[in-house]
Amino acid sequence: QIKTRKSSGLCFFDPQMQVEIHQRVRMEEDLRVAMAQSQFELHYQPQFTLAGEVIGAEALLRWRHPERGLVPPGMFIAVAEESEIIVPLGMWVLRTACEQLARWQKDARLSQLQVSVNVSARQFRHKDFATRVVEVLRETGISPQRLKLELTESVVIENVEQAIATMKQLRALGLCFSMDDFGTGQSSLTYLTRLPLSQLKIDQSFIRNMGHRHTDDVIVQTIIGMARNLNLEVIAEGVETQEQRAMLASYGCAYFQGYLFSPPVPLHAFEQLLARVPVRMEPPGV
Ligand code: C2E
Ligand code: MG
Ligand code: MG
Ligand code: MG
């Protein structure tokens, strides 16, 4: 009888599921090995002003796998989050970015560069997060204004009060917060205004269809207008064409990131880029 078969728990032995569980466990093991063997690296994607000056970069995690080559975060971040490996891995990202900022800080021309670091929900909600960030700041000696933490709406939404408290604690030290993938989450505008944010980052899905889908043009204009009224910086991510750049500029977008300018690149390539483009030397606003 179909009914009893369905409720008999047969799916527990679903071979497809077995394979998935097995792969997941293997991936977790691989991630631990990768941490121990320093297989992770940061790539940097530059961020530009309208005038074409570099203001800094977003640090993006890559896994240099001995057999599989360069693995993008989409392939492993979810497993790292579910297994809590994201906590030490995320701290490695933060520390590495801060060590790099400390090196740039010694070079007058590069001393105002900012680096944005992505912080995942698990990592941000960990009870020691703020304490560990403070430790890294102290150990690397960077000025906190150089460091921007990118959160997504889902990070904040689960426990708004706690998120605000953690953000305020770090904001008081001078750190900045950016709302990544802005416009794609379920956040209400009411609490959004309560968060101590410095920047909204317009999600690339809206940028992609600009000029082709009227609603996306409206959304982008609305986000830019809202950012201006709330006195927040606004940056567009995933800018791929001159048309998109021009439209964003006409709407009043101040900062740009995307393949039109540069993909994320390894450190040495980013430093080569810094050597040939203008670099903003004024301290960041907001
Ligand atoms: P994200 O933070 O929204 O990063 C932007 C993603 O868009 C990056 O993908 C970047 O390479 C890609 N991108 C940049 N410009 C363009 C463009 O013009 N067109 C298109 N189509 N894509 C563009 P990536 O590096 O694969 O990272 C994917 C996501 O993985 C990130 O999204 C972020 O959520 C997560 N991630 C990356 N590094 C870290 C990390 O260190 N920690 C955590 N927790 N998450 C990370
Ligand atoms: Mg990001
Ligand atoms: Mg994003
Ligand atoms: Mg994203």
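Just so you know, residue 1 is the first one in the sequence shown, and it goes up from there. Counting starts at 1 for both ligands and their atoms, following the listed order.
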| request: Would you confirm whether Gln37, through its side chain, and Val33, through its main-chain N or O, come within 3.5 Å as a donor-acceptor pair? | output: no
| note | Which atom of Glu150 is nearest the Mg ion (ligand 2), counting N, O or S only? It is OE1
| Is the closest heavy-atom distance from Pro264 to ligand 1 below 4.0 Å? | yes
| task | Consider every N or O of Gln45 and every N or O of ligand 1, then say whether any pair is closer than 3.5 Å. | result | yes
| query | Can you find a side-chain donor-acceptor pair between Gln45 and His43 that sits under 3.5 Å? | reply | no
| said: Tell me whether Asp217 contacts the main-chain N or O of Gly211 through its side chain, where contact means a donor paired with an acceptor under 3.5 Å. | reply: yes
| note | Note: ligand 1 atoms sitting under 4.0 Å from heavy atoms of Gly258 are 15 (N), 18 (O)
| Is the backbone N or O of Gly185 less than 3.5 Å from a side-chain atom of Glu153, with the two atoms forming a donor-acceptor pair by type? | yes
| Region of Val93 engaging ligand 1 - heavy atom pairs below 4.0 Å | side chain
| task | Give the C-alpha distance, both sets of side-chain angles, the deciding distance and a yes or no for side-chain contact (heavy atoms from CB on, under 4.5 Å) between Arg68 and Asp30. | result | CA-CA 12 Å; Arg68 281 184 276 161; Asp30 286 355; 3.6 Å; yes
| message | Under a 3.5 Å cutoff, is there a donor and acceptor pairing between the side chains of Ser178 and Gln199? | response | yes
| query | Heavy atom under 4.0 Å from ligand 1: found in Glu237's side chain, backbone, both, or neither? | reply | side chain
| request: Please work out which of the three classes, parallel, tilted or perpendicular, describes the rings of Trp63 and Phe40, given edges at 30° and 60°. | output: tilted
| If you measure from each heavy atom of Glu58 to ligand 1, is any distance below 4.0 Å? | yes
| said: Taking distance alone, with N or O pairs closer than 3.5 Å, would you say Arg208 contacts ligand 1? | reply: no
| said: Given 3.5 Å as the limit, does a donor-acceptor pair link the side chain of Gln105 with the main chain of Ser143, or not? | reply: yes
| task | Look at Ser116 and state whether any of its N, O or S atoms is less than 2.8 Å from the Mg ion (ligand 2). | result | no
| query | So between Asn118, Val117, Ile77, Val239, whose heavy atom ends up nearest atom 33 (C) of ligand 1? | reply | Asn118
| Is there a donor-acceptor pair under 3.5 Å between the side chain of Gln112 and the backbone N or O of Ile55? | no
| request: Say whether Gly238 and ligand 1 are in contact under the criterion: heavy-atom distance to a ligand atom below 4.0 Å. | output: yes
| note | Numbered in order shown, the ligand 1 atoms found under 4.0 Å of a heavy atom of Asp180 are 1 (P), 2 (O), 3 (O)
| task | Restricting to N/O/S, name the atom of Glu237 that gets closest to the Mg ion (ligand 3). | result | OE2
| note | Atom name of the N, O or S atom of Asp180 nearest to the Mg ion (ligand 3) is OD1
| field | Residues Gln100 and Arg103: side-chain donor-acceptor under 3.5 angstrom | value | yes
| request: May I ask you to decide if the ring planes of Tyr44 and Trp104 are parallel, tilted or perpendicular, using 30° and 60° as cut-offs? | output: perpendicular
| contact_flag Arg62 ligand 1 heavy-atom lt 4.0 Å | yes
| said: Any N/O/S atom from Asp181 (main chain or side chain) under 2.8 Å of the Mg ion (ligand 3)? | reply: yes
| field | Glu58, N/O/S atom nearest the Mg ion (ligand 2) | value | OE2
| remark: Here the atoms of ligand 1 under 4.0 Å from any heavy atom belonging to Glu240 are 17 (C), 18 (O), 19 (N), 20 (C), 21 (N)
| request: Select one of side chain, backbone, both or neither to describe which atoms of Lys201 lie under 4.0 Å from any atom of ligand 1, heavy atoms only. | output: neither
